[in-house]
Amino acid sequence: MNTTTTRTTCPYCGVGCGVNAVVENDAVRVAGDEAHPSNRGRLCSKGTALADTVGLNDRLLYPMVDGRRAGWDEALDEVAGRFGEIIAEHGPDAVAFYVSGQLLTEDYYVANKLMKGYIGSANIDTNSRLCMSSAVAGHKRAFGEDVVPGCYEDLELADLVVLVGSNTAWCHPVVYQRIVAAGEDNPDKKLVVIDPRRTATAESADLHLPLAPGTDVHLFNGLLAYLTGQGIESDLPGTAEAVAEARALGDIDAVATACGVARDTVAAFFELFAKTERTVTVFSQGVNQSSAGTDKVNAILNCHLLTDRIGKPGACPFSITGQPNAMGGREVGGLSSTLAAHMGFDDAERVQRFWDSPRIASAPGLKAVELFEAIERGEVKAVWIMATNPLVSLPDADRARRALEACEFVAVSDCMRHTDTVDRAHVLLPAAAWAEKSGTVTNSERIISRQRSFLPMPGAARADWDIICDVARRMGFGDGFGFDSAAAIFREHAALTAFENEGERVLNLEGLVQLTDQAYDRLEPLRWPVRAETAGRAVGAMPAQQDSRRLFVDGVYPTSDGKAHLVAVTPRGPANAVSDQWPLALNTGRIRDHWHTMTRTAKSARLSAHIPEPFVEIHPTDANRYGVADGALATVSTVRGEAHVRVIVTDGQREGTLFVPMHWNDQFAARARVGALANPAVCPISGEPEFKHTPAAIAPFEAAWHGFILASRPLRLAGERLVDYWVKVPGERFYRYEVAGLQAPDDWAATVRGWLGIDERTADWLEASDLAAGRYRAAHMDAGHIEACVFVAPEPAALPERSWLAGLFTGEPVEEAERIGLLAGRPADPGADPGPQVCSCFGVGRNTILRAINEQGLDSVAAVGKALDAGTNCGSCKPEIAALIADAGEE
Ligand SMILES: Nc1nc2c(c(=O)[nH]1)N[C@H]1C(S)=C(S)[C@@H](COP(=O)(O)OP(=O)(O)OC[C@H]3O[C@@H](n4cnc5c(=O)[nH]c(N)nc54)[C@H](O)[C@@H]3O)O[C@H]1N2
Ligand SMILES: Nc1nc2c(c(=O)[nH]1)N[C@H]1C(S)=C(S)[C@@H](COP(=O)(O)OP(=O)(O)OC[C@H]3O[C@@H](n4cnc5c(=O)[nH]c(N)nc54)[C@H](O)[C@@H]3O)O[C@H]1N2
Ligand code: SF4
Ligand SMILES: [Mo]
């Protein structure tokens with residue numbers, strides 16, 4: 001047996017977990033890396049399922065030009081040539097790059113260098129604009145530099161963890177597990193969650209503040225005023241102004257009213273915060289993705305600065321990052337509003353000298369939303385998109401689509417053959433994916449880790465840095481892009497951070513400037529800043545005096561006066577308020593087991609099984625008011641567009657608000673791309689869009705019939721007559737489609753055969769119908785195997801569960817006993833139906849868990865874990881298991 005183990009890093013969230021990838025013969029398996037300081041061996045459901053995602057199905061394997069396969073020379077000459085022509089004719093600002101926090105630092109570095117130093121424009125922006133830019137801007141206003149001052153250990157040491165606008169249990173699960181585990185050792189530890197929704201994270205909090213959307217500044221200003229009322233003072237610049245602004249709102253009652261939260265809840269939070277020295281406030285997209293995003297960030301930072309809770313064990317504000325390399329991108333300067341290595345445009349001369357480049361961008365470029373508007377107006381005529389899917393992820397995404405369709409030249413570097421964005425490119429460049437590519441990423445706690453390749457690059461795929469350098473050389477910039485390895489690029493990046501850095505920039509990798517190729521290959525996870533004397537040591541092994549875990553320990557900041565600044569912030573509502581026509585506030589975000597636009601997580605059947613369909617969550621009162629029922633379909637609309645999604649009625653959703661996940665797109669659903677509905681209003685300081693608040697309406701989707709199809713092969717339902725709603729759910733050995741239509745066909749059998757593409761005469765076809773009752777059921781068999789089955793009913797609730805039927809797609813012939821149950825859609829023995837999946841790691845279903853709870857009297861998550869393994873690997877499903885136990889107890 002031929003086995004190799006490679007230590008690498010998870011390519012999903014900013015927790016940055018270390019992963020051991022084991023390749024045994026041709027099979028890949030992954031496990032958490034016990035030696036990585038960020039996760040110490042843990043992985044969440046997505047990390048655990050990484051091996052499911054490395055297959056080559058649907059991969060982009062060759063360059064394409066105008067829809068046909070091309071060689072690298074042709075494709076790269078086309079990109080270099082078209083960019084060159086447009087620059088020559090219209091100047092450097094007529095072109096742009098739109099890149100991503102999913103690039104490695106080395107890829108990012110050369111993309112930034114090419115645009116800002118050689119093309120001479122700052123028109124390179126990144127999807128981090130949609131993600132972290134408010135945190136960046138807030139950090140700069142308060143600290144003088146974009147720096148996260150603490151580390152994950154602080155979350156363990158804290159006696160109070162405040163999670164603001166962060167569904168940590170689902171979006172940063174390993175950090176969440178670390179907080180929960182620390183709570184088990186410290187019974188005094190308290191967890192407060194501030195989120196309009198009662199999320200999985202809020203379920204296990206000591207206190208949940210379900211505040212009205214967009215009222216975080218009101219709340220934290222209220223807190224600042226309360227703290228000063230307790231006699232807490234500070235002589236930091238800006239304090240008087242910030243406190244005066246904070247007091248303007250009034251007392252706790254006024255704050256409670258403004259935030260729409262019970263007075264006692266607000267008071268309890270304020271008291272807890274005031275008395276707990278060791279407090280960490282974690283914030284994420286509920287804060288950043290707002291037209292007041294930067295102000296929200298500073299309202300939080302103000303409270304930490306006033307109380308001097310920063311740079312201390314267990315005390316700091318903590319911006320938790322989304323993407324695996326959101327931090328690395330910020331470090332190289334990938335945002336259009338920064339230059340490079342935490343330097344701004346004031347440092348242009350210095351950066352140009354370091355690069356020895358022909359030009360240098362001297363002023364900020366276009367920010368993501370503006371960039372696509374400029375493309376639409378024809379001012380930007382060529383764009384190169386790398387590692388992001390903007391036609392799904394930008395707000396007002398249909399407008400972004402029109403912009404790209406009108407654009408003279410669009411190049412896309414991606415790993416997938418089809419995405420909503422890829423399908424609109426003139427030139428496609430196949431990029432190496434995780435497992436194939438090699439370089440570094442920086443996580444939320446400033447730890448730089450290696451992503452290492454353990455599989456060969458498939459087809460003609462190449463690393464992003466390699467593609468970018470090749471284009472640069474073809475544009476005549478050979479001097480600056482002669483890199484022959486990721487290591488060489490990393491050294492130059494490190495050197496730029498240290499260049500003429502006399503301590504005025506905290507980001508400093510001077511200790512890594514001399515890193516040999518061999519040392520780079522072996523690089524252990526290492527936290528910046530990396531001074532010369534600490535280089536090469538693992539984080540855990542650093543001596544205390546060279547500790548970089550906490551910054552600003554001495555109270556010195558990279559500002560002109562060396563001090564941190566409080567910033568006066570004025571509370572204001574979202575950019576567009578709800579109205580009679582658009583009475584509900586549409587909030588968007590993430591679910592546990594999907595990643596962004598699903599290009600990777602949809603390759604995993606177990607991840608796709610957790611929440612199979614796009615949905616809208618709505619409060620019972622609103623559901624009543626607008627006539628939508630749990631389990632039915634609804635149309636959610638805004639001024640920009642509409643989406644057709646499944647309704648979930650829950651009192652965890654705040655009245656007056658809706659929640660729709662961001663993940664589904666045109667590859668997986670007929671119409672569920674919520675970006676097309678989202679408001680492109682941005683924070684005036686950071687340019688980050690208001691994804692968490694768009695005025696919206698909801699109405700029932702009046703389907704005449706509902707159904708589902710399970711098929712062994714993928715079907716093409718897009719554009720299929722009578723199928724007005726479809727969602728594709730990849731399964732283990734099958735594809736599941738949830739379908740519905742506004743009108744029933746005259747001939748079900750013929751219509752269904754058409755969907756399945758089967759020949760009437762030869763097929764082994766089982767059928768049962770009760771057309772008067774609106775029911776139709778059929779199965780297509782082939783030599784005893786099941787090829788497909790279709791179930792149709794007038795109501796969704798009248799359809800059988802999918803899990804048992806799905807289990808018949810084993811590749812083996814269907815047994816006679818099962819064949820009897822087939823058209824009934826349920827087994828002869830009801831105990832055989834596991835129900836919808838709860839635990840992705842062990843594939844344990846809801847029915848199985850409920851049966852075990854009831855039959856064995858299990859009363860704790862640990863007991864369920866012992867009996868069924870559910871929840872014992874990544875732990876991401878623990879909140880759901882706890883909810884099932886609670887429900888069973890109530891009955
Ligand atoms: N499973 C999974 N994990 C991920 C990702 C993924 O796609 N899937 N993506 C990664 C990325 S790039 C990112 S950026 C992170 C994002 O991680 P999170 O920020 O935790 O995720 P979101 O679901 O976008 O939003 C968080 C919460 O903000 C709340 N919110 C909405 N409006 C407000 C408000 O006005 N105030 C407050 N206080 N809260 C509000 C929402 O209800 C939501 O529960 O997740 C990362 N991790
Ligand atoms: N409605 C709504 N929209 C949102 C958000 C929200 O909360 N609500 N959140 C926003 C946030 S925080 C984020 S971070 C964005 C994320 O949004 P996107 O960045 O658009 O989402 P991804 O699906 O991660 O897109 C990554 C693309 O890069 C490809 N890819 C993967 N690895 C590589 C690689 O190594 N090289 C190359 N060249 N390509 C690669 C993938 O196939 C995929 O097409 O979405 C934003 N949009
Ligand atoms: S928490 Fe999960 S998704 Fe995030 S890095 Fe760790 S394993 Fe990957
Ligand atoms: Mo993000």
Side-chain angles (χ1 to χ4, degrees), residues 11-15 44-46 59-60 99-104 107 126-132 163-173 193-197 199 201-202 209 211-216 219 282-290 292 296 320-324 326 385-395 397 412-416 419-422 429-434 436-437 463-464 467 574 585-601 607 653-654 657 659-663 665 673-675 677-678 688-689 691-694 876:
Y12 296 122
C13 82
V15 176
C44 76
S45 50
K46 292 180 297 302
R59 278 288 296 270
L60 173 65
V99 304
S100 155
Q102 292 169 80
L103 291 174
L104 302 177
D107 306 326
T126 136
N127 63 1
S128 286
R129 181 70 60 195
L130 317 178
C131 179
M132 304 313 302
L163 302 173
V164 195
S166 166
N167 189 2
T168 329
W170 280 13
C171 295
H172 299 94
V193 171
I194 300 172
D195 191 313
R197 296 190 300 147
T199 56
T201 311
L209 278 71
L211 83 178
T215 58
D216 302 80
L219 183 71
V282 177
F283 56 96
S284 184
Q285 300 316 339
V287 170
N288 297 336
Q289 288 173 340
S290 159
K296 286 188 180 187
I320 194 157
T321 53
Q323 299 176 90
I385 297 166
M386 309 176 202
T388 177
N389 192 357
L391 298 198
V392 182
S393 55
L394 279 176
V412 174
S413 300
D414 206 286
C415 312
M416 298 301 286
T419 72
D420 295 24
T421 304
V422 160
L429 305 168
W434 183 78
E436 301 148 14
K437 59 192 292 179
D464 285 294
I467 301 172
L586 171 63
N587 172 9
T588 63
R590 294 158 169 79
I591 63 168
R592 193 190 81 192
D593 285 359
H594 272 306
W595 177 259
H596 295 167
T597 71
M598 301 169 64
T599 56
R600 288 182 282 175
T601 42
L607 295 180
Q653 188 67 28
R654 201 186 145 89
T657 70
F659 179 81
V660 176
M662 65 170 288
H663 308 290
N665 53 70
R673 213 161 35 95
V674 78
L677 281 65
E688 179 150 351
F691 282 122
K692 301 295 187 240
H693 190 285
T694 305
S876 306

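Sequential numbering from 1 along the given sequence is applied to the chain's residues. Order of listing sets the numbers, starting from 1, for every ligand and every atom in it.
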Atoms of ligand 1 close to Ile591 [distance to a heavy atom under 4.0 angstrom, numbered from 1]: 1 (N), 2 (C), 8 (N)
Option set Arg590, Met598, Met386, His594, criterion heavy-atom distance to atom 13 (C) of ligand 2, minimum: Arg590
Contact with ligand 2 for Ala432, non-hydrogen, under 4.0 angstrom: yes
Identity of the nearest option to atom 31 (C) of ligand 2, non-hydrogen atoms only, from Ala678, Ala397, Cys415: Cys415
Location of contacts on Ala431 toward ligand 2, heavy atoms closer than 4.0 Å: side chain
Arg197 neighbourhood, listing ligand 1 atoms whose heavy-atom distance to it stays under 4.0 Å: 42 (O), 43 (C), 44 (O)
Selection from Asn389, Asp414, Leu130, Thr419 by shortest heavy-atom distance to atom 44 (O) of ligand 2: Asp414
Atom 17 (O) of ligand 2 [closest protein heavy-atom partner, distance rounded to 0.1 Å]: Ser393 CB, 3.2 Å
Ligand-residue contact atoms, ligand 1 with Lys692, heavy atoms, under 4.0 Å: 22 (P), 24 (O), 25 (O), 28 (O), 31 (C), 32 (N)
Leu429 contact mode with ligand 2 (heavy-atom cut-off under 4.0 Å): neither
Contact check, Trp434 vs ligand 2, heavy-atom distance below 4.0 Å: no
Residues forming a side chain to side chain contact (heavy atoms under 4.5 Å, CB included) with Ser290, sequence neighbours excluded: Ala292, Lys296, Glu690
Part of Ser128 with heavy atoms under 4.0 Å of ligand 2, whether side chain, backbone, both or neither: neither
